[in-house]
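Residue numbers start from 1 in every chain, and the chains themselves are labelled A, B, ... in the order their sequence lines are given, proteins ahead of strands.
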Number of protein chains: 2
Amino acid sequence: MNDLRREVRKKIENGEFNCEKELTLSIISGKWKITIIYYLGTDGTLRFSEIKHLFPKITHKVLTTQVRELEEDGIIQRRVFPEVPPRVEYSLTELGQSLMPIVLMMYEWGKQNLKSFNK
Amino acid sequence: MNDLRREVRKKIENGEFNCEKELTLSIISGKWKITIIYYLGTDGTLRFSEIKHLFPKITHKVLTTQVRELEEDGIIQRRVFPEVPPRVEYSLTELGQSLMPIVLMMYEWGKQNLKSFNK
DNA sequence: CTGAATCCTATTTGATACTG
DNA sequence: CAGTATCAAATAGGATTCAG
């Protein structure tokens, strides 16, 4: 769905309208992004390895690209500690924080409607 | 991103937790879905051709699959009128209506943060 | 520990043409 | 008008390996 990301940014540059919802969607779309945002929003700060631990099935590379895109979008902050071995901590930016209400609402909606989908 | 759709449904069947947010995301993910939901939520009922008209660039086939998936997820209702030429009208179900606050929030967030992304 | 580079595959979207 | 079928293109996600 990163097609959306690029496409929406292009639309914005061109001053096209009607892409506000797509903008928001394009940011949180990605198999792990909302959950990453959710955890960072509730836990505060997490190391790369801690996030990786939260998703047993995520690949190293995939996590890297997901956080990188979120960083590009200004949603999360990446702080590198010049140590050996390296330590990298991620946290929500203010912009990312402002996304939390939406994420929480999605969480609530999902919780309330889980049964409907459990055939 | 319909990979998510299938995957989340499987998780739900297996009684796995922590997929509430993904459930919500999996429903609205898709290049045109939130916008379709948005229009149906504000305009009420729309014919297939009317929706198609709203998205000059959408393909016949793609629109078909998007509405079909939304229908499968119980978000929209499809009413077929046995006429010639055929008429098919789409509208939000109650479940779909309950999604509107989220869609509207995404709209607002996008509107307020458009500038941040317009470098 | 974090992450970069490759390579590979499944999925999604799109183009096009055909049907009742 | 609405929908289907087929085929092609793009890309997101994953497996694996190497590096500082």
Angle by which the axis turns from one end of the helix from C:dC1-D:dG20 to C:dG20-D:dC1 to the other, five pairs per end, to 10 degrees: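 Computed angle between terminal axes is 40°.
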
Salt-bridge contact [X]-[Y] (side-chain N to carboxylate O under 4.0 Å):
| X | Y | result |
| --- | --- | --- |
| A:Glu72 | A:Arg5 | yes |
| B:Glu108 | B:Lys111 | yes |
| B:Glu22 | A:Lys31 | no |
| B:Arg68 | B:Asp73 | no |

Starting at atom [atom1] of [X], determine the distance to atom [atom2] of [N], rounded to an integer number of angstrom.
| X | N | atom1 | atom2 | value |
| --- | --- | --- | --- | --- |
| A:Phe48 | C:dG3 | CZ | C1' | 7 Å |
| B:Leu4 | D:dA12 | CG | P | 14 Å |
| B:Leu63 | D:dT4 | CG | C1' | 14 Å |
| A:Leu70 | D:dA12 | CG | P | 14 Å |
| A:Ile51 | C:dG3 | CD1 | C1' | 14 Å |
| B:Glu83 | D:dC1 | CD | P | 13 Å |
| B:Lys57 | C:dT16 | NZ | P | 16 Å |
| B:Glu7 | D:dA12 | CD | P | 17 Å |

Using a cut-off of less than 4.0 Å, is there contact between a side-chain N or O of [X] and OP1 or OP2 of [N]?
| X | N | value |
| --- | --- | --- |
| A:Lys31 | D:dG14 | yes |
| A:Tyr90 | C:dT2 | no |
| B:Arg5 | C:dT11 | no |
| B:Arg6 | C:dA10 | no |
| B:Thr59 | C:dA15 | yes |
| A:Arg47 | C:dT2 | yes |
| B:Lys52 | D:dC1 | no |
| A:Trp32 | D:dG14 | yes |
| A:Arg68 | C:dT2 | no |
| A:Gln66 | D:dG13 | yes |

Touch class at under 4.0 angstrom, heavy-atom based, for A:Val62 against every strand present: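 Base, at least one base atom sits under 4.0 Å.
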
Those residues that, when tested against A:Tyr90, pass ring pair (Phe, Tyr, Trp, His ring centres under 6.0 Å) (two or more places apart):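 Expected list: none.
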
Stepwise ring pair (Phe, Tyr, Trp, His ring centres under 6.0 Å) test for B:His60 and B:Phe48: CA-CA 9 Å; B:His60 204 97; B:Phe48 184 89; 5.0 Å; yes

Worked check of side-chain contact (heavy atoms from CB on, under 4.5 Å) between B:Glu89 and B:Leu46: CA-CA 5 Å; B:Glu89 289 186 352; B:Leu46 291 170; over 6 Å; no

Whether B:Trp109 and B:Phe117 hold their rings parallel, tilted or perpendicular, with breakpoints at 30° and 60°: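 Aromatic pair B:Trp109/B:Phe117 classed tilted.
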
A:Pro85 or A:Glu69, whichever maps to the more 5' nucleotide of DNA chain D: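 Upstream on the strand: A:Glu69.
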
Among C:dG20, C:dG3, C:dA5, the one nearest A:His60 by side-chain distance: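 Nearest to the side-chain atoms of A:His60, counting from C-beta on, is C:dG3.
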
B:Lys61 side-chain proximity, nearest of D:dA2, C:dT13, D:dG14: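 In terms of side-chain proximity for B:Lys61, the closest of D:dA2, C:dT13, D:dG14 is C:dT13.
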
